[in-house]
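Notes follow once the structure below has been shown.
Keep in mind that the numbers below use all heavy atoms, side chains included, and drop hydrogens, waters and symmetry copies. Just so you know, these numbers come straight off a predicted model, no measurement behind them.
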Amino acid sequence: MLKPLLFAASLAAFVSAGLPLDQSSARGEEMTCREAAKLEFPGDRKSRAAYRKSCKAAWKAHRLNPQPLPPKA
């Protein structure tokens with residue numbers, strides 16, 4: 001009886017250690033420039049367009065000349 005209980009507890013520990021608790025942080029990496037602009041400037045279309053244009057330029061510059069990203073804190 002003790003062996004199945006220990007096995008279940010260790011399995012639960014391994015599963016919970018491998019799953020991220022915060023799902024929103026994973027979504028941040030997939031966000032497009034358009035979505036980021038809408039979050040930054042929800043009511044101002046001109047500012048959104050300027051932000052999206054600068055975001056795309058930064059993305060293209062990073063894509064052509066990739067620099068290592070700093071480690072996450």
Could you tell me whether the side chain of S47 and the main chain of D44 form a donor-acceptor pair under 3.5 Å? no

Side-chain contact, heavy-atom cut-off 4.5 Å: E40 with R48? no

Within-4.5 Å side-chain heavy-atom neighbours: R52 and T32: no

Can you confirm whether more than 12 heavy atoms, excluding those of R45, are under 6.0 Å from its CZ atom? no

Report the residues that fulfil side-chain contact (heavy atoms from CB on, under 4.5 Å) with A61, sequence neighbours left out, ordered by chain and then residue number. none

